[in-house]
Each structure stands twice: as structure tokens, then as C-alpha cells.
Amino acid sequence: MSTATDRPMTNPLRDPRDQRLPRIPGPCALVIFGVTGDLARKKLMPAIYDLANRGLLPPAFALVGFARRDWADQHFSEVVRDAVAEHARTPFRQEVWDRLAEGIRFVHGSFDDDDAYVRLAEKLAELDAERGTGGNHAFYLSIPPAAFPLVCSKLSESGLAATHPDGDGGETWSRVVIEKPFGHDLASGQALNAVVNSVFPESSVFRIDHYLGKETVQNLLALRFANQMFEPIWNANYVDHVQITMAEDIGLGGRAGYYDGIGAARDVIQNHLLQLLALTAMEEPVSFAPRALQAEKIKIFSATSLIEPLSENTARGQYAGGWQGSQQVVGLLDEDGFSPASKTETFAAIALEVNTRRWAGVPFYLRTGKRLGRRVTEIALVFKRAPHGPFDTAMGADIGKNALVIRVQPDEGMTVRFGSKVPGHLMEVRDVNMDFSYGAAFAEESPEAYERLILDVLLGEPSLFPVNEEVEMSWRILDPALDHWARADAGGSGPEPYAPGGWGPESAHQMLRRTGREWRRP
Ligand code: BG6
């Protein structure tokens, strides 16, 4: 099996000219499996159009949809157009669409149908000949993970996973893009990686964690390593604890097929939040070459574990029915498709320790949930109190703990929270905020995460994609919490119900209160 070390060492993060001279991929075709699904319609097809609109796709580009429906190319093209009209970020331009539409094709078939792969290979060969896509193919598996092994082995049997001499002294490429969940625990994650790697070398596997494609997440690296003022206080000498929150106000109506039995910890903590933790906690990489960045993340994962006892340092909940603002909503157990006895958690919180010199003794609290107060993702470094306060004011529990908050979304930016004198005769101190906002500082709108990630797949630029080692280490970190909850379920207890529109179950608040801390109210 090849490793991340085989990957090319070209990384746009490394090259400041990237902003002004964006790289455009060479000729290629992108095949999307599961093209009738939500992700394809809401994110992938619009992102492809947005890339075309920004002039970032090669002239010799083709988009091939693969699904069970018996659609003609023309019908699929209309489906893509509707998705673009509804969800694209950039305005619709007829000439861009016309050029893109020339390369849109559809292949119908089920994942196990050998003939369908023959048809796909023929279609790709036609496109190579007609549009000059050069034999370079990316296969995006926007399908249930249970189907990954089947599709990978069919791609292999039909010869589509193989590379060939490109007639120019080089090789064509064949890449696979997979969406999480990458397994449901360490053992299944390893098994999945083994299957995928038996067909595609690791350097051709692109695992999407769309959080890594977000501008604000990449800015975390700029914030930490392009500045001098933050790094000296970015450690256990100054930081009391770190809170990473990913909250959503939506419920799970319509997502039972994916979510029931998966739950918040597997859906979000294992991937998005642990990646955010790694970027927050890691040392400065020697460069932004993919290998260097991954090496630092892997060091952090290997030093990270859940804080014991798990009964006090984990919490999980399930949203109940009630009022979310002015809207009456049903609880999870009454959502369509969920088993009325479901023990799937819709909220999860864990406490982790990172056993390095920089972070020893600093808990990292991670939480995520559906039907919470509002949609917000943030990373907050909460600092220790000043060692001495020569003020008369009795400071409340929250006052006096400085915080640096990276607002991942929405309202992307950063807040610094610090104490300031209240105007007047008294020396009274109150916490205030100082804000940086992307929207106010830059005229350009940030691209969608999927634009960046699809472009990187076509460029063969791997830095923003977790390698299998990271995925497995993330499961190793999370598995004890999953086992702990499974044991509780077997003993008859389940996730604690919580009211919609709030900030999760009481046990999550207890988890921090026990240590004299509070969750921030984002
Ligand atoms: C996905 C999860 O990875 O991220 C969803 O599967 C979640 O459950 C989504 O809703 C949130 O993404 P974003 O970009 O809106 O924060």
C-alpha cells in the first residue's frame, strides 16, 4: 500500500501567488455516483458550475452522472441545470452553462450491474476522444458507505481504476472521492480503508471532510502561523481550556436513512470536530506540503484521548418535541423514518486531553447537536484569569476569562474577549468584544467548501483531505465513548432528552460545571 508520502508536493497554501494565479486542472472527467441524492443536487453540481463560472475548469472537462434512473443525457443535463439555478453561489451565465452542458453525460445502472460499468467505460472513452478529457477520471462516490466496496471493486474489474501511459511520457490518473462516514468505528474504518486501498493507492484516494474546505478553517493556519502575536499565548501557560462547538438549529426530518443508528458523535465529532481540534492544537508544520501538515495532525491525534471517567466527561442527548422559537417541532422519535425506540443521539459532547508539553492539563471540550439555539460553529480558546486583580469589583464567574474565538460560521471572523473599564468614577471592569469580520475586511466572497475540494481533487492536491491514518486515529480516540454509550444503552438507559431551541441536555452543562467551567453561549 502506498502512503501519503507518495503524494505530489504542490500545495497552494504554500504559494502566496495562488490567490492571484489560480491553478486550473488539466483535461479530465468527473463521474458522480449517487447523482440523484441531496448532496449532489445541493452541493456538488452547483460547485461544479461555480468553478466553471470562475474559469477554474479546463476547457476539456466532462461531468458524468451515474444512477439507477433511466435518464437520457439531455434529461440529466436539465437536472444539473435546475440544481445550479437553485443552489449555485455565483450568478447564472448562459455562455458558461452552454459550455459546461456540452460535456454532461449520464449512465444508468445499479452499483452491481457489470454492464453499467461497461457503458460507463465506453462513455468515458467517447469523451476522451471527443472532448479530449485525456483518460483522466475522478470517481465521486456520493453513495451510502455500504456500497463503497462494491463500487470500488467494479471500478477495478472494469479497468476504470487503472492508469495508462498518456502518450506524452506521463500517466493518466484515476482518483476516487469518498464521503464520510468512513466506517462506524475503528474496526469498520480499517476494513473500509483496506478495501478502498486494495483498488486505489492512498495517493489516489480523496476523503472529503468538507470542514477542511471552509475558508475560516484554513484561516486558522494563517492566524496561527502568519502572525507573531498569538503563538506565545497558544499553550497551557495561558489557555485554561478550549471549546469547539458545531451547533445546528435544524432537525433530522428526511435524514433517518443516513442518521438513525449513526448519531451526532459519528456524524460530526469523529471527522469535522477532531480535525478542528488537530488544526488548533498542532505544532507549526515545517512547510505546508501535504506530508508536513499531515505529520503534525497525526502527532496531535496520537497524543489525544478522552478524559476519564467517561460517565462524567461525556454527554449525549436526543431532541424532544416542543417550541423552537415560534415554530412547533417534533422530537426525534416522531420524525419520519426514525424508530420510535431509537437511541440515536442528536447531541454529543466529549472532553479530551492532548498529552503534549504545549497542552498538558488543558481540556478540549467538543460538542455538536441538532435543534439547538442557532446554527453556529466556533473554536474558543478560553484563557486563564489574570493571576492578580487589584480591583474592588467582585468578578462574576464569566468575567475576567479572556477568550479568543474563531467564528467558523456564520458571520465568519474572529472575536477577542477581554475586560475593560466601565466608564464612570468607579474602577469597574466588564468584558467586551473586539471583532474581525471577513465580510467587512474583504470584498471577495468566500468560495463554498465543495468548490475548493472538488478543484483540489482535479488538481491532485491532497492537503485538505484526511489520509487513512487520520481517519483510523480519530476512531481510536472516539471508540471508547461509543462503547461507553452502547453499554449504557444495553443497560436500559439512553440519550437524555433535551428541549429544542436550547443548548443541549443538562448532563452536558454538568460536565463542565463539575470543573468550575461553563459552555460559552455562542
Ligand atoms: C455534515 C453532517 O457533514 O455536515 C450533517 O453530516 C451536517 O449532519 C452538515 O448538517 C453541516 O455542514 P455545514 O457546512 O452546514 O456546517
Side-chain angles (χ1 to χ4, degrees), residues 34 37-44 46-47 50 87 89 140-145 177-184 189 206-220 244-277 279 316-319 324 329 332 335 337-338 342 344-349 366-379 406-413 438 445-454 464-466 470-471 474-475 478 500 504 522:
D38 245 25
L39 181 74
R41 196 165 47 84
K42 291 191 180 150
K43 299 284 184 192
L44 307 184
D50 287 326
H87 298 290
R89 180 178 65 85
Y140 198 123
L141 308 193
S142 174
I143 58 177
V177 186
I178 53 182
E179 277 282 343
K180 69 175 187 56
F182 313 117
H184 52 89
F206 290 74
R207 293 177 190 78
I208 297 262
D209 183 320
H210 77 281
Y211 265 61
L212 296 180
K214 290 184 190 272
E215 279 290 324
T216 29
V217 173
Q218 290 164 39
N219 190 40
L220 190 52
I244 304 183
T245 300
M246 193 276 224
E248 292 178 285
D249 51 5
I250 51 170
L252 285 154
R255 289 192 73 200
Y258 163 74
Y259 203 92
D260 205 7
I262 294 274
R266 290 185 173 96
D267 183 40
V268 170
I269 294 185
Q270 188 270 345
N271 36 78
H272 307 324
L273 297 196
L274 282 174
Q275 286 288 332
L276 294 185
L277 176 146
L279 295 175
R316 62 180 176 146
Q318 191 182 68
Y319 63 81
Q324 185 165 29
V329 297
L332 183 86
E335 295 276 20
F338 281 88
S342 175
T344 301
E345 84 279 359
T346 58
F347 176 101
L366 274 47
R367 66 175 163 165
T368 184
K370 307 279 182 191
R371 285 254 181 265
L372 298 182
R374 70 185 188 96
R375 174 176 184 255
V376 59
T377 300
E378 63 165 46
I379 302 164
I406 292 130
R407 302 193 309 267
V408 174
Q409 66 186 26
D411 187 21
E412 290 80 356
Y438 262 88
E445 207 188 303
S446 299
E448 271 280 322
Y450 277 96
E451 288 171 54
R452 174 66 187 256
L453 296 174
I454 291 173
L464 299 179
F465 300 86
E470 289 172 70
V471 171
S474 303
W475 282 123
L478 189 61

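Atoms within each ligand, like the ligands themselves, are counted from 1 in listed order. Basis for what follows: all heavy atoms, side chains included, without hydrogens, waters or symmetry-related copies.
Ionic pairing of Lys180 and Asp267 is present here: one or more N-O contacts between side-chain nitrogen and carboxylate oxygen are shorter than 4.0 angstrom. Classification of Arg89 and Glu451 as a salt-bridged pair holds, one side-chain N sitting under 4.0 Å from a carboxylate O.
The atoms of ligand 1 that sit less than 4.0 Å from any heavy atom of Asp267 are 2 (C), 5 (C), 6 (O), 8 (O). Which parts of ligand 1 touch Met246 is read off a 4.0 Å heavy-atom cut-off, strictly below it: atoms 11 (C). Remark: ligand 1 atoms within the under-4.0 Å shell around heavy atoms of Lys370 are 5 (C), 7 (C), 8 (O), 10 (O). In the vicinity of Glu248, heavy-atom distances shorter than 4.0 Å reach the ligand 1 atoms 7 (C), 10 (O), 11 (C). Contact atoms of ligand 1 toward Lys214: 13 (P), 14 (O), 16 (O) (distance under 4.0 Å to a heavy atom of the residue).
When the heavy atoms of Arg266, Glu179, His272 are ranked by distance to atom 1 (C) of ligand 1, first place goes to His272. When the heavy-atom distances from atom 16 (O) of ligand 1 to Tyr450, Tyr258, Tyr259, Tyr211 are ranked, the shortest goes to Tyr211.
Taking each heavy atom of Ala264 and Thr346 in turn, the nearest pair found is CB-C, 3.7 Å. Here the closest heavy-atom approach between residue Gly253 and residue Glu335 is recorded as CA-OE1, 3.4 Å.
With values rounded to the nearest 0.5 angstrom, His87 atom NE2 is found 11.0 Å from Glu448 atom CD. Note that NE2 of His184 is 7.0 Å distant from CZ of Arg266, once rounded to the nearest 0.5 Å.
Using the six-membered ring where Trp is involved, Phe465 and Phe206 have ring planes that are perpendicular, over 60° apart on the 30 and 60° scheme.
Polar contact check, Gln409 against ligand 1: a nitrogen or oxygen pair lies under 3.5 Å apart.
The nearest heavy-atom contact from the protein to atom 12 (O) of ligand 1 is His210 NE2, 3.1 Å. The nearest protein atom to atom 15 (O) of ligand 1, hydrogens excluded, is given as Arg375 NH2, 3.1 Å; this is a heavy-atom distance. The nearest protein atom to atom 5 (C) of ligand 1, hydrogens excluded, is given as Arg255 NH1, 3.3 Å; this is a heavy-atom distance.
Each of Thr216, Asn271, Leu273, Thr377 was evaluated against Tyr211; a single residue qualifies, Thr377, per the side-chain contact (heavy atoms from CB on, under 4.5 Å) test.
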